[in-house]
Asks: 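Got a structure for you, questions after.
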Amino acid sequence: MSYFIQNLRRFAGELLEDPVGGPARVAAALKVKWKTGLEQALGSSGMGRRLAARYRGRGVVLMFHEIHDDVEGNLRMGCSPEQLRMVLAALRAESRDIVTPDEAVKRLADPQAGDFAVLTFDDGYRDNRTMALPILEEFSAPMTMFVPTGMVTREVYAWWLGLRALFQRGDEVEIEAMERRFTLADAPSRNAALRQIGLWIGTDRARAEALNPTFARHAISIPALVDKVAMDEREIRSFADHPLVTIGGHTTTHTFLSGLDDAAAYRDINDNKLYLENLLDRPVRHFAYPYGTEGACGKREAEYVKAAGFETGFTTRSGHLFPAHLSTPCLMPREDAGFAHMSNSQLANRLSGARRALVTKFGDPVAGLR
Ligand SMILES: [Zn+2]
């Protein structure tokens, strides 16, 4: 465990050197560092695998977003092609078959079927074709891309892309709505500031929208940013014809569903399904929540996903897939494997199930049932 203690010392050192933010920022960072340290200890000692045997399910669903070469330049949103390759190699080493969501549901119902993984990519980024697909082809690995209508039509309020553009510009950024000024001297301070703004927004659409005047003041056009990174209708149609690709729903406006009234929440889910089915001329049967935390989606949203005719719905709750999920297929957990930079230990904990043990403090291995 000595490396663990060394890591904690290093984290403490970083915190002392870090001039950004006050005690709350230090406490938040300490929480992240502590979790990361524990993940490293569990993952690299092999202890995670033993402790978490109960948490290893039949399948694991992994989430990615952008895949690009310049991860630092893109402020660590998305991950590198090398990281995707590392995940695929690890799945192969574990003898987990990479399957479509349809096959995953079949396998959950069949005790004889082999263990599996499902690869999912959110938001419809163009680099999923240029950067991810060639690697997936090498591994004959199917992928599912969850596409919000607004990304394709350029009407989505992609505040996260606006923030990235803002942070890429200057050394100092004032976020008026937060009444905060951030000094962005280096990559760690930029990443810390982005995390803080993300935490401040939480699941509050109004706060996300309150960033708009800041974007306007810096002449940042969200539609232009979306146009730069997301597939358009023609690209989606052609991508969907690739034998390894499944297209799934991801709402119309990519907002926090829990903040919408009943009619608006249902419409946001259902209209996206109709849009994609009309665009692709085929049924769209799988769905991922735009924000998949417990605060952003739950029982009500799962009912609407089912009522719209989707067969599965994926959250971002940590955990593996178990046969019990067949009774709540519209609230199935997913593990994020597309954040930069995922360590070997963090990947090991996602594949072994240890991460859910850690996140729930050894609570219920089956995510999403209550
Ligand atoms: Zn999304």
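Atoms within a ligand are numbered from 1 in the order they appear, just like the ligands themselves.
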Asks: Sequence neighbours left out, what passes side-chain hydrogen bond (donor to acceptor under 3.5 Å, both in side chains) with E66? Give chain and number order.
Replies: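 Result, side-chain hydrogen bond (donor to acceptor under 3.5 Å, both in side chains) vs E66: R164.
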Asks: When you look at E335 and S318, which way does the side chain to side chain donor-acceptor pair (under 3.5 Å) test go after all the steps?
Replies: CA-CA 5 Å; E335 293 285 3; S318 171; 2.6 Å; yes
Asks: Going by the side-chain hydrogen bond (donor to acceptor under 3.5 Å, both in side chains) test, which pairs reach into residues 244-253, not counting sequence neighbours?
Replies: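 Found D123-H250, H250-H254, T253-D268.
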Asks: Sort by chain and number the protein N/O/S atoms that are closer than 2.8 Å to the Zn ion (ligand 1), and list them.
Replies: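 Only D123 OD1, H250 NE2, H254 NE2 fall inside 2.8 Å of the Zn ion (ligand 1).
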Asks: State yes or no: are the ring centers of F287 and Y289 separated by less than 6.0 Å?
Replies: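 Yes.
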Asks: Walk me through it: do E233 and Y275 pass the test side chain to side chain donor-acceptor pair (under 3.5 Å)?
Replies: CA-CA 11 Å; E233 287 193 343; Y275 169 80; 2.7 Å; yes
Asks: Pairs in or reaching into residues 218-231: which pass side-chain hydrogen bond (donor to acceptor under 3.5 Å, both in side chains), with residues at least two apart or in two chains?
Replies: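 Listed once each, the pairs are R154-D227.
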